[in-house]
> 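Sharing a structure below in structure tokens format, with a few things to ask.
From a predicted model like this one, the values you see are computed outputs, not experimental measurements. When a ligand or atom number is given, it counts from 1 through the structure's own listing order.
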Amino acid sequence: MLDTTITKIEYRTVFESRGVETLEVDVFTQKGSGRVAAPFGAPGSRGEFEAPAYAPGGLRESMEILEKVIIPSLIGQDALEQEKIDTLLTQLDGTPNFEKIGGNTSAVLSTAVAKAAADTLKIPMFQLFRRDAGWTLPYPLGNMIGGGAHSLGPAPDMQEHLVVPIGTHTMKQAIEINLKVHEEIGKLLEIKDPGFAGGTDDENAWTANLTDVDALQIINQAADKIADAEGVQIRMGLDLAADRFWDPERNVYRYQREGKTRTPQQQLDFLGELIDRFHLIYVEDGFNSKDYDSFALLNKNFGDRCLICADDIYASNYERTRIGIEKGSAGAMIIKPNQVGTITGAKNTASLAKAHRLKVVISHRSGETADDSIAHLAVAWNASMIKSGVRGGERLAKLNELIRIENTLGKPQFIRW
Ligand code: PGA
Ligand code: ZN
């Protein structure tokens, strides 16, 4: 038996894709290692209810705690005992939501421990999380046109205008289709927006001077063309990240680009119209992250034909997800490990969701690193989709890893919906 005892942990700061300084750790066993650098949500887009990224004093304070408290406690632990290590991290923090050490600090350690264990055992990480076969490939949900907190200047109010190819034969084909749709949209934008100069947002989605409806129309046109050529279905979706344009004082959603406000009821009607008109398969964070009831109404009215997805409202948090399940607020949820601070925490929330027939969507952050762990989580936890952008090294790192995993599996095994 190979020794999976943690022998050493190194750490440093590096930069994520937006250029923000972030924490990277290396966890070593005698014969293996795992390296993870933390991703980061955009200011104005990170969820109010997710674990804070770092200690109250910031990244430096987190690194001090890492040096003095966390590393000495983890050395000598067995990297294979993920739950025990995650419990230890939770106890060392001692607050309900990693307020003391930060969700990023904890999540990079938790994930690097798993990577080190898999590396020591010479198995792919997805096999560490689920040993008994039954692995499945998620459909890639690609961000095509961006807006909101992920872009600058006049742009759509909603944060992400997405597509997902359904019924593709291989992971590689699915990824390629998203790339082709992205490319086609670029060509259409050149015609539609005279000021368009090929600009992209934090996740490499196109950004242009459009309303949300314009953006959906353009994506629709591009998706139809590629779907016909490829003989597959390409469906559209949205992540509104509605917290960013919610005005709690006036009780309205402020659409700056459109120059309009919408009450929660008008927002509900608007989303319903978009779902019907564009045959949307996915709507994430259509309301602010405190409004379980509007989520539930949308899910009640449209959940049979569109996945109503909870991101900032559930924040990968077990208790917030449990409340949402009771209220019927969503048919799908986003899982981001650094929202809850550990692999085990993320897994428990994902299991709760699946036990109540919610679809799980494993997601990147807008500020990303080359880490590909979420590809493995998606396969091991049978995620229905992975949200990891379309273009850019840090986005393709996850998608390319799924191509490798597909090769390891021997044949494509997309999840059944
Ligand atoms: P974030 O956005 O990573 O900037 O929080 C992604 C999302 O809202 O899904
Ligand atoms: Zn989101």
Side-chain angles (χ1 to χ4, degrees), residues 16-20 22 37-54 102-104 107 138 140-152 155-164 200-205 207 212 237-246 271 280 282-291 295 298 307-317 320-321 324 329-341 346 349 358-369 371 374 378 383-390 392 394-395 398:
E16 43 87 295
S17 58
R18 234 188 320 250
V20 175
T22 192
F40 204 69
S45 159
R46 297 186 72 250
E48 181 182 343
F49 300 105
E50 60 178 279
Y54 299 111
N104 270 11
L141 185 55
N143 188 359
M144 296 295 167
I145 297 182
H150 288 177
S151 61
L152 299 169
D157 292 290
M158 301 181 187
Q159 185 175 280
E160 299 168 20
H161 305 73
L162 305 148
V163 309
V164 59
T200 53
D201 74 356
D202 289 347
E203 296 182 358
N204 301 312
T207 169
D212 294 293
L238 291 168
D239 176 8
L240 281 81
D243 267 341
R244 200 202 54 94
F245 56 102
W246 168 243
L271 291 176
L280 302 182
Y282 180 89
V283 172
E284 178 184 333
D285 282 354
F287 300 92
N288 75 75
S289 57
K290 294 191 177 98
D291 194 355
F295 267 85
L298 186 67
L307 286 173
I308 306 307
C309 184
D311 176 15
D312 292 343
I313 181 169
Y314 290 5
S316 305
N317 178 292
R320 293 192 65 81
T321 303
S329 297
M333 79 174 293
I334 290 276
I335 295 282
K336 296 167 175 164
N338 75 335
Q339 281 184 328
V340 329
T349 307
L358 266 72
K359 303 223 183 303
V360 165
V361 183
I362 304 274
S363 170
H364 64 168
R365 304 305 307 248
S366 52
E368 260 299 337
T369 71
D371 183 51
I374 60 166
S384 294
M385 290 188 266
I386 184 165
K387 193 160 79 136
S388 174
V390 181
E394 74 283 6
R395 313 291 150 191
K398 288 83 171 149

> Whether the T207 and D201 side chains hold a donor-acceptor pair (N or O, under 3.5 Å, no angle test) is what I'd like checked.
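No, because no side-chain N or O of T207 sits under 3.5 Å from a partner of the opposite role on D201.
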> For the metal site, I want the angle between atom OE2 of E284 and atom OD2 of D311 with the Zn ion (ligand 2) at the apex, to 10°.
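It comes to 90°.
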> Would you say R365 and ligand 1 have an N/O pair spaced under 3.5 Å apart?
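Yes; the residue has a nitrogen or oxygen that sits under 3.5 Å from a nitrogen or oxygen of the ligand.
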> Ligand 1 and E203, any nitrogen or oxygen pair closer than 3.5 angstrom?
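There is no such contact.
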> Do any nitrogen or oxygen atoms of Q159 come within less than 3.5 Å of a nitrogen or oxygen of ligand 1?
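Among all N and O atoms of Q159, at least one is under 3.5 Å from an N or O of ligand 1.
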> Any nitrogen or oxygen of D239, side chain or backbone, less than 3.5 Å from one on ligand 1?
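In this structure, D239 places an N or O atom under 3.5 Å from an N or O of ligand 1.
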> Is there a donor-acceptor contact under 3.5 Å from the side chain of R320 to the main chain of I313?
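Pair found, side chain donor or acceptor close to backbone of I313.
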> Is the backbone of I334 close enough, under 3.5 Å, to the side chain of D311 for a donor and an acceptor to pair up by distance?
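Between the backbone of I334 and the side chain of D311 there is no qualifying donor-acceptor contact (under 3.5 Å).
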> Of the non-hydrogen atoms in F40 and A53, which two are nearest, and what is the gap between them?
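Smallest heavy-atom distance, with atoms named: CE1-CB, 3.1 Å.
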> Any donor-acceptor pair under 3.5 Å linking the side chain of R46 with the backbone of A51?
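Yes, because the side chain of R46 sits within donor-acceptor range (under 3.5 Å) of the backbone of A51.
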> Which atom, among the N/O/S set of D239, is closest to the Zn ion (ligand 2)?
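Nearest N/O/S atom: OD2.
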> For ligand 1, find out whether one of its N or O atoms is nearer than 3.5 Å to an N or O atom of R18.
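No, since none of the N or O atoms of R18 sits under 3.5 Å from an N or O of ligand 1.
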> Evaluate K387 for polar contact with ligand 1, using N/O atom pairs at a separation under 3.5 Å.
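Yes; the residue has a nitrogen or oxygen that sits under 3.5 Å from a nitrogen or oxygen of the ligand.
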> Does R365 use its side chain to pair, donor to acceptor, with the backbone of N338 at less than 3.5 Å?
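Flag not set: sc R365 to bb N338 has no pair under 3.5 Å.
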> Ignoring hydrogens and angles, tell me if any N or O in the side chain of D285 forms a donor-acceptor pair with the backbone of D312 under 3.5 Å.
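Confirmed, D285 side chain pairs with D312 backbone.
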> I'd like to check which ligand 1 atoms, numbered from 1 as shown, lie under 4.0 Å from a non-hydrogen atom of G41.
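In order of number, 1 (P), 3 (O), 4 (O), 5 (O).
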